[in-house]
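Below is one structure, written out as structure tokens, with a few remarks after it.
Below, read A as the first sequence line, B as the second, and so on, with proteins coming before strands; counting in each chain starts at 1.
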There are 2 protein chains.
Amino acid sequence: MERKTIQKDAIKEAFLSKSRPLRVDEVLLIGRKKVRSLNQATVYRNLKSLVEAGWLKTIHHPELGVFYERAEQGHHHHFHCHACNRLFEIPGCALRKKESALPGFVVERHEVFFFGVCSSCAHT
Amino acid sequence: MERKTIQKDAIKEAFLSKSRPLRVDEVLLIGRKKVRSLNQATVYRNLKSLVEAGWLKTIHHPELGVFYERAEQGHHHHFHCHACNRLFEIPGCALRKKESALPGFVVERHEVFFFGVCSSCAHT
DNA sequence: GTCTATGCAAACGTTTTGCAGTGGG
DNA sequence: CCCACTGCAAAACGTTTGCATAGAC
């Protein structure tokens with residue numbers, strides 16, 4: 001059913017070449033270097049199917065919108081520096097499980113986003 | 001400078017009457033019960049100014065978009081039940097400060113979102 | 001009377017969709 | 001040869017903006 005296309009390859013490669021979360025428009029731009037005709041509708045459709053296939057994860061940035069990153073990297077959180085506007089990955093999980101839910105509630109997933117100033121911006 | 005209008009009052013009242021986070025379209029709908037002519041552009045403009053005034057806080061729901069809630073209620077997180085699709089407030093903060101940042105990073109703010117099943121949905 | 005806030009409609013950016021045609025299996 | 005996937009253009013969606021005017025002060 002699933003067909004291998006040069007478009008899908010180009011999109012995957014975009015994530016393998018950059019090791020940071022990418023926006024849709026970045027994927028489109030990077031992908032076009034490989035496949036000139038690459039269309040944004042194709043990017044959207046492939047990102048969706050790659051998420052469903054478990055190859056990508058969606059990051060919902062509260063201010064900058066949707067990013068995608070390789071699922072492989074395991075659970076972690078994100079930090080947005082409002083000085084340099086870059087997105088950082090915070091390894092591990094700083095959540096206390098016990099205090100994460102009301103009694104009887106089942107927590108299946110969570111997303112954490114930090115905002116502030118990164119080390120290089122803070123030192124100047 | 002700031003003028004008191006029946007539209008702004010109606011919008012504030014919407015939040016005082018419901019004690020849960022509201023979407024823009026909900027605010028519009030509730031507000032129209034008081035001011036029939038209430039326009040969505042007016043809602044957007046007032047929500048923005050109420051956030052700037054510190055009366056409202058913005059909640060970025062990763063899947064359902066933007067919600068607003070009264071700022072008064074203090075720091076807490078949110079839980080979305082995918083069974084009944086309701087939004088719950090989780091009092092307190094389950095984050096371990098020390099593990100929240102990389103060395104040298106200054107965390108000013110964070111947002112946490114939990115997904116799962118609420119107690120009433122889990123028991124049926 | 002002044003000038004801010006409103007209502008309306010158009011514009012905007014992002015994402016989705018219908019459809020005809022390409023190309024992977 | 002078939003049908004999933006693509007490209008294109010239009011549509012859909014949530015939000016913002018320009019402008020004339022109502023209404024707060």
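We find that CG of A:Asp9 is positioned 16 Å from C1' of D:dA4, with the value rounded to whole Å. The nearest whole Å value for the distance from the CZ atom in B:Phe67 to the C1' atom in D:dT15 is 16 Å.
Centroid-to-centroid, the aromatic rings of A:Phe105 and B:Phe88 come within less than 6.0 Å. Taking the centre of each ring, A:His82 and A:Phe115 stay at or above the 6.0 Å mark. In summary, the aromatic rings of B:His110 and A:His78 are positioned with their centroids too far apart to meet the 6.0 Å limit.
A salt bridge is defined here as a Lys NZ or Arg NE, NH1 or NH2 lying under 4.0 Å from an Asp or Glu carboxylate O, and B:Glu2 with B:Lys8 meets this definition. The pair A:Arg109-A:Glu111 counts as a salt bridge, with a side-chain nitrogen and a carboxylate oxygen less than 4.0 angstrom apart. Electrostatic pairing of B:Lys18 and B:Glu26 does not count as a salt bridge here, judged by no charged N lying under 4.0 Å from a carboxylate O.
Listed for the B:Arg96 side chain is a donor-acceptor partner under 3.5 Å among the backbone atoms of A:Cys93. Within the 3.5 Å criterion, the main-chain N or O of A:Glu13 finds a donor-acceptor partner in the side chain of A:Ser17. Looking only at distances, a side-chain donor or acceptor of A:His60 sits under 3.5 Å from a matching main-chain atom of B:Pro62.
A tilted orientation is assigned to the rings of B:Phe67 and B:His61, their planes being inclined by 30° to 60°.
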Protein proximity profile, nucleotides 16-25 of chain D - base contact B, sugar-phosphate-only contact S, no contact -, cut-off 4.0 Å on heavy atoms: BBB----BBS
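Nucleic acid contact for A:Asn46: sugar-phosphate only, since backbone atoms but no base atoms lie under 4.0 Å from a heavy atom of the residue.
With a cutoff of under 4.0 Å to any heavy atom of chain B, the contacted region of DNA chain C is bounded 5' to 3' by C:dC3 to C:dC8.
Looking at residues 10-18 of chain B, you'll see that no heavy atom sits under 4.0 Å from any atom of DNA chain C.
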